[in-house]
Structures are given as structure tokens and as C-alpha cells.
Amino acid sequence: MPQDAFILEKDHLVPLLRRLGRDRRLVAPVRNGYGDTLYAPVTDLEEDGLDLEARPQNSLKGFFFPQRERLFSYTVAPDTGGGHRYAFETHLPEERPTVYFGVRSCDLFGVLYCDLVFLKGRRRDAYYQRRRAGAVFATLACHHPFAGCFCNATRTGPSLELGFDLQLFDLGDRFYVETGKPGGAEIVARWPAFFQPAGEPDRQAQFQAALEARGLFERKIHVDLAVGLLAGREPEGVVRRLSERCQDCGGCAFVCPTCTCFTITDQPLDEHHGERVRTWDACTFSGFTRMAGDANPVDGATERVRRRFLHKLRHDVARHGRPSCVGCGRCLGICFGGVDMARFVEMVCSFGNHHATDEDAR
Amino acid sequence: MTPRSNATATYTANPYLPLPARIREVRPENPRVKTFVLEPADAGAEAAFSFEPGQFVMVSVPHQGEAPISISSPPGRGSGLTLTVRRAGRLTGAMHTLGPGDTVGIRGPYGRPFPMAELEGRDLLFVAGGIGLAPLRSALLACLAARERYGALTVLYGCRTPSDICFSRELDGWNAGEGLRCRVTVDRGDAAWQGRVGLVTTLFDEVDLRPERTSALVCGPEVMIRVVLDRLEEMGLAPETIFTTLERHMKCGIGLCGHCHHDGRLVCTDGPVFSKAELASG
């Protein structure tokens with residue numbers, strides 16, 4: 001039997017969110033004026049159109065690791081000895097307790113993966129850590145996969161076994177709510193009027209919904225098979241074909257919930273002041289590994305595409321025990337060259353299974 | 001991967017924040033290379049800053065950002081922290097305009113050092129190309145400061161031209177020491193050059209090694225490293241006893257930014273020092 005389970009009537013959702021948002025920031029999928037659904041801070045539940053039906057175009061990555069952020073500021077001033085002084089002033093972000101509501105399973109997995117990089121390595125990232133502290137996640141299980149999703153193959157959805165504070169299943173007129181980590185039980189305990197204990201028919205309806213969702217994936221993407229094949233061989237033909245189609249735009253890395261590479265640059269404000277800024281970077285950019293004097297140990301599109309896919313499906317498996325793809329399908333949507341994870345996996349598998357020739361990869 | 005310890009680092013709560021360090025002295029090595037002698041601008045920080053040969057620091061130059069630079073001085077107090085820098089790009093170009101009294105920022109030391117304790121009792125062969133002598137100088141001077149702990153020391157140094165030679169003031173001294181040999185070669189000589197001409201591998205013919213008791217420390221351009229590592233193994237050195245230090249583009253130095261990812265390893269935290277055995281198992 002799962003954790004404690006409750007029923008939240010759909011009519012009660014907005015009043016509950018209004019209360020959650022009183023003393024904490026609330027982030028949820030919101031449809032904007034252009035018709036795009038994005039995870040965004042919700043300030044006014046009536047004005048901001050909450051949209052729990054569409055797949056948000058962004059992941060949660062940017063809330064903990066912004067696309068651009070100031071790390072610190074510096075001053076450069078002449079000093080009495082004839083040289084110059086160079087001083088640094090730190091700017092850590094404020095901690096803001098936040099409820100992330102309506103988060104898809106794959107996107108919570110994306111955050112848990114980013115935790116491995118930013119919090120579980122040899123050094124912690126103080127900026128990420130500040131933003132991550134006090135985050136509560138109320139996830140929404142997918143009852144129907146979106147086009148291009150393959151979280152069933154990466155075992156990151158369509159619903160979760162762990163990691164969430166609350167997990168909601170849409171049962172039509174009501175939500176079935178499971179509590180996971182302590183933050184979820186606290187919410188239920190603090191606003192008990194919204195949560196009725198789930199009965200046996202509710203449990204059966206939830207079980208049915210979860211089972212149906214698993215059966216609705218149309219494409220079978222064999223991620224595990226590809227991981228196994230890549231452990232022992234170089235996918236040379238596949239990488240060469242795909243690299244011909246890569247436009248070096250970095251879109252795949254930017255929409256990816258688990259791509260965390262960044263660059264750091266100085267932004268001079270005037271002669272004596274400036275800021276050090278960190279921004280997202282992508283390993284498919286031609287300058288990503290370029291050093292002073294134009295030396296580049298990872299040169300050429302083929303090398304870069306190889307590096308991207310092997311990082312996610314070979315090196316992260318070695319380092320963290322699982323690939324760093326959560327099957328969200330966003331790279332399928334963003335890449336007009338079709339250099340996406342699903343295609344890479346399918347091409348690797350087709351080579352592995354049929355000893356196919358180079359021509360098959362076209 | 002063998003967990004060799006990282007030396008103590010001056011860790012602050014914010015790992016991206018540099019410490020100001022004042023330039024005490026600038027020594028020109030050749031037309032494109034200068035050695036900068038640094039001391040922390042805050043006197044209290046000096047005691048906390050210790051490093052081991054092979055480690056690097058992230059150096060901030062005003063308005064230019066940061067770059068990883070390997071430490072060329074031996075560990076221990078008194079001699080100052082020295083960085084030997086070739087003018088190669090925007091940041092190093094700006095650094096070359098700085099002089100005594102100016103301030104740079106430093107973070108670190110970072111990275112896995114040469115396993116100096118593991119090398120004790122062995123003959124050591126240092127093979128360097130160009131500016132690659134800088135991190136090896138740190139290790140060599142550490143050996144000379146504890147001479148009794150190491151066997152015969154040999155330095156083989158190759159440069160493109162005579163004007164690319166670094167630490168030329170010290171090379172003669174290294175040749176005169178007991179149990180210490182130093183051989184230099186250049187790819188192309190000039191009118192004044194009387195020494196050897198040829199790639200650094202040609203110097204291997206001049207030295208008489210005892211492979212089973214020799215460890216090698218190698219640093220230079222990537223193509224040179226590849227050739228030298230293979231050559232050393234052919235000469236009978238075990239891959240576990242051949243160490244090299246790799247150079248990669250880095251933004252954070254602490255295992256987060258992803259730039260120095262190299263076949264599943266991060267050069268900043270898993271290296272920059274790797275044994276040939278470790279590189280082969282990539």
C-alpha cells in the first residue's frame with residue numbers, strides 16, 4: 001500500500017493554492033498571453049492561468065540554476081603603492097521557501113539529478129544550495145504521455161515512487177494525493193479541511209489511472225539497451241550522421257532538465273567596477289572547450305555530439321548509476337535537425353541489433 | 001580511480017569568490033613568458049594557503065575573468081606562490097601588463113597533485129615541453145629540498161626554439177647538481193644555439209634509465225604527451241609509474257561547470273595529474 005493517501009476535490013484546488021501562496025512563493029505551470037505554458041511564479045491565481053494539462057516548455061532547472069546570474073561584484077581601484085587593488089564582494093541569493101506545484105515526474109527527477117551535480121560532489125554550489133533549501137514539490141502524475149515523451153524508458157515517470165512531497169493523480173473530478181517527504185505531510189496537517197482520507201474505490205481508480213498511463217506510450221525507446229551497447233562500443237557512424245544535422249544552437253542543452261554546464265564571464269560596468277556572471281553553456285557549442293591560443297582538444301561537430309550523448313548515456317551511468325536523461329522529450333521538440341535523445345537511442349539500438357551498416361543511420 | 005588526497009584548500013563559504021593576491025615580483029622568462037611571484041593581500045590568508053606540486057589555481061585578472069594556471073613554485077613558505085604564464089590569449093595578455101603592487105584574484109589550490117610520497121625512493125624522470133616545465137619545476141624543487149628521499153633525477157626539456165626556453169637561469173644549476181641531470185633540446189635552433197636540435201624524444205637516447213625503479217612526470221603540449229607516454233612504456237616503465245598533467249579549459253575548477261570533462265573524468269578534480277594507467281582505462 002502506498003503512503004498516506006487523500007482526496008482533494010478539484011473545486012478546492014485554487015483555495016488550497018491561495019493558502020499555500022500566502023507565506024511561500026508558489027511556482028506552477030501557467031499559460032501566458034502567447035499561449036505558452038511555462039513553470040512560472042504565480043502571483044494572482046485568478047489572473048495567471050494555471051494550466052495543468054499541457055507540458056511546460058521549460059523545466060524547473062532555471063529556478064535553482066538561473067540562465068544568467070551574478071556571482072559577485074568586484075572593484076578595481078588605484079592604490080597608494082602605485083599598483084591597483086582588486087576586491088570582491090559576494091552576493092548570495094536569498095533563500096525563498098517555495099512550493100513547486102503541478103510538477104511533472106520527469107522534471108522532479110531533473111532536479112534530483114541537478115542535486116547530484118551541485119550538492120553531492122566534492123564541492124557544493126552555494127548559489128544552488130540557497131535556492132534549493134526550502135523547496136517543496138507537489139507533483140502531478142501524467143495520465144497521458146505527451147508527444148515525444150519516453151519517461152517509461154528512463155523510469156522517471158509517468159508517476160513517481162519517491163522524491164515528491166505530495167503526488168497528485170487526476171481522477172477526473174478529484175485529485176488522489178499521496179504524501180511522500182515530510183513537506184507534504186506538513187501541508188496536509190496544516191490544512192486538513194482540504195484533504196479527505198482516500199477510500200478503497202479511490203485507490204482502485206488511482207491504480208487504474210497509473211496503469212493506463214503506462215500503457216499509452218506509443219514509441220518504444222530502449223534506453224537501457226542503448227546504455228548497454230554504448231558501454232562496449234563507439235557509436236561512430238551514428239554520431240557522424242547526427243553531427244551533420246547539428247546546428248550548434250545549444251537548444252537541446254538549454255531545454256534539458258539535467259544539462260548543467262555553465263560558463264563564467266566578467267561583465268565590466270565601468271573602469272573600476274564589474275560583475276562576475278555565470279550563464280548556461282552547451283557542450284555542442286564550438287567554443288565550449290576552446291582554450292587560449294585556439295587550442296581545442298574537442299574539435300569538430302562529430303567530437304562534440306559524441307561528447308554530449310556519451311556524457312548522458314555512458315559517463316553519467318558510470319558516475320551516478322543511471323543515465324542523465326529523464327525522458328521528458330523536450331529535445332525532440334526543440335531540435336529542428338532531429339539530433340535528439342530518442343533518435344540517438346534508436347539509431348544505437350538499430351546498429352546493435354542488426355549489425356546495420358552506415359547507410360541505415362541515414 | 002585511486003583517491004589521492006587533495007591538499008588543503010582555502011575554502012570559503014562561497015567557492016567562486018577569489019582571494020586578492022598582490023604581485024610581489026615579475027620575472028621575465030622569455031619574450032612570451034613571465035613568472036609572477038604572488039602573496040595574499042590579506043596577511044592572515046598566507047598561513048592558510050598551502051599546496052602540493054601539480055596543483056593549480058584559478059587566477060582572476062580585472063575585467064578578464066579567470067583561467068586555471070599551474071603553480072610553478074615548490075610547496076612551503078618563504079618562496080612565495082609563483083605562476084609562470086605564457087601570453088596566449090586575452091586574460092594572459094592582460095596579466096602580462098601587470099606589475100609589482102598590482103593585485104590579481106586567486107582561488108584554490110585545486111586538483112589532484114603529483115603523488116610525491118608514492119615517488120619517494122625512486123629515480124625520477126621529468127619530461128617537459130615548453131611552458132609545461134612550470135608544474136614540473138614545482139615537483140623538481142620539492143625533490144631537491146628533500147634530496148635524500150629520491151633517487152637519480154633527470155630532466156629532459158624540449159622547446160620549439162631557443163627563445164621558448166623557460167627558467168633558463170636555473171637549467172645550468174640543475175645540470176650541476178649531484179645525481180641530477182638536465183638535457184635541453186629545441187625543434188629549431190638559431191644562430192646562437194649550440195645545443196641539441198630535435199624533438200624531446202631524441203633525448204631519451206642520451207639517458208640511461210633503470211625502468212623498474214623509475215617514475216616519470218610529463219607535461220607539455222597534448223601531442224607531445226601522447227608520444228612521450230607511449231615511448232616511456234616501450235622503454236619498460238609501468239603505466240602506473242608514468243604521470244602526466246593535462247590542460248583543459250575550465251570555468252569553475254571545482255567539478256561543476258563541465259568544461260574540462262574528458263572521457264568521463266573531470267580534469268579539475270579527478271586530475272589534472274593522471275597516471276598513464278588511469279588515462280588508458282578511460
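The structure displayed is predicted, hence computed values, not measured ones. Numbered from 1 within each chain, the chains take letters A, B, ... in sequence-line order.
- Interatomic distance, F88(A) CZ to T103(B) OG1, rounded to the nearest 0.5 Å: 8.5 Å.
- Heavy atoms of R90(B) lying under 4.5 Å from chain A are absent altogether.
- Between R319(A) and G264(B) the shortest heavy-atom distance is NH2-O, 3.6 Å.
- What you find for A292(A) and G89(B) is that their closest heavy atoms are CB-N, 4.0 Å.
- Looking at L98(B), only its side chain comes within 4.5 Å of chain A, counting heavy atoms on both sides.
- Residues F72(A) and P18(B) approach most closely at CZ-CD, 3.5 Å, considering heavy atoms.
- The backbone N or O of T269(B) lies less than 3.5 Å from a partner atom in the side chain of R122(A), making a donor-acceptor pair.
- Of all the listed residues (P268(A), P78(A), A126(A)), the one sharing the greatest number of non-hydrogen pairs under 4.5 Å with chain B is P268(A).
- How far SG of C268(B) is from CZ of R123(A): 11.0 Å, rounded to the nearest 0.5 Å.
- For a residue to count as touching a neighbouring chain, one of its non-hydrogen atoms must lie under 4.5 Å from one of that chain's; by this rule F288(A) touches chain B with backbone and side chain alike.
- Here G101(B) is the residue among A21(B), G101(B), P221(B) with the most heavy-atom pairs under 4.5 Å with chain A.
- Here the NE2-SG distance, from H261(B) to C261(A), works out to 8.0 Å after rounding to the nearest 0.5 Å.
- Residues R248(B) and T289(A) have side chains not in contact (no heavy-atom distance under 4.5 Å, counting atoms from C-beta outward).
- For chain B, the nearby part of R290(A) is the backbone; its heavy atoms alone come within less than 4.5 Å.
- Taking chain B as the reference chain and counting heavy-atom pairs below 4.5 Å, the highest number among R85(A), H311(A), Q267(A), R306(A) is found for H311(A).
- Under 3.5 Å, the side chains of Y127(A) and N14(B) contain a donor-acceptor pair of N or O atoms.
- Neither the backbone nor the side chain of Q129(A) comes within less than 4.5 Å of any heavy atom of chain B.
- Neither side chain, D263(B) nor H315(A), offers a donor N or O lying under 3.5 Å from an acceptor on the other.
- Rounded to the nearest 0.5 angstrom, C257(B) SG and D281(A) CG are separated by 8.5 Å.
- Here V76(A) is the residue among L92(A), V76(A), L269(A) with the most heavy-atom pairs under 4.5 Å with chain B.
- For the set T260(A), T90(A), V298(A), the count of heavy-atom pairs under 4.5 angstrom toward chain B peaks at T90(A).
- The candidate with the highest count of non-hydrogen atom pairs below 4.5 Å against chain B, out of T75(A), D266(A), D294(A), is D266(A).
- With contacts defined as side-chain heavy-atom distances shorter than 4.5 Å, the pair L256(B)/F262(A) qualifies.
- Interface residue L266(B): backbone and side-chain heavy atoms are both found under 4.5 Å from chain A.
- Across T263(A) and K251(B), no two heavy atoms sit closer than the pair OG1-CE, 3.2 Å.
- A 4.5 Å side-chain heavy-atom check between Y16(B) and D125(A) finds at least one atom pair inside the cut-off.
- Contacts with chain A (heavy atom to heavy atom, under 4.5 Å) involve these residues of residues 60-67 of chain B, listed by number: S60(B), V61(B), P62(B), H63(B), Q64(B), G65(B), E66(B).
- Ranked by non-hydrogen atom pairs under 4.5 Å with chain A, the options D102(B), V104(B), L91(B) are led by D102(B).
- Summarising the local packing, CD of E234(A) is surrounded by more than 12 heavy atoms from other residues, nucleotides or ligands at distances under 6.0 Å.
- P53(B) meets the side-chain contact (heavy atoms from CB on, under 4.5 Å) test with P75(B), F114(B), M116(B), S138(B), A139(B), A142(B); sequence neighbours excluded.
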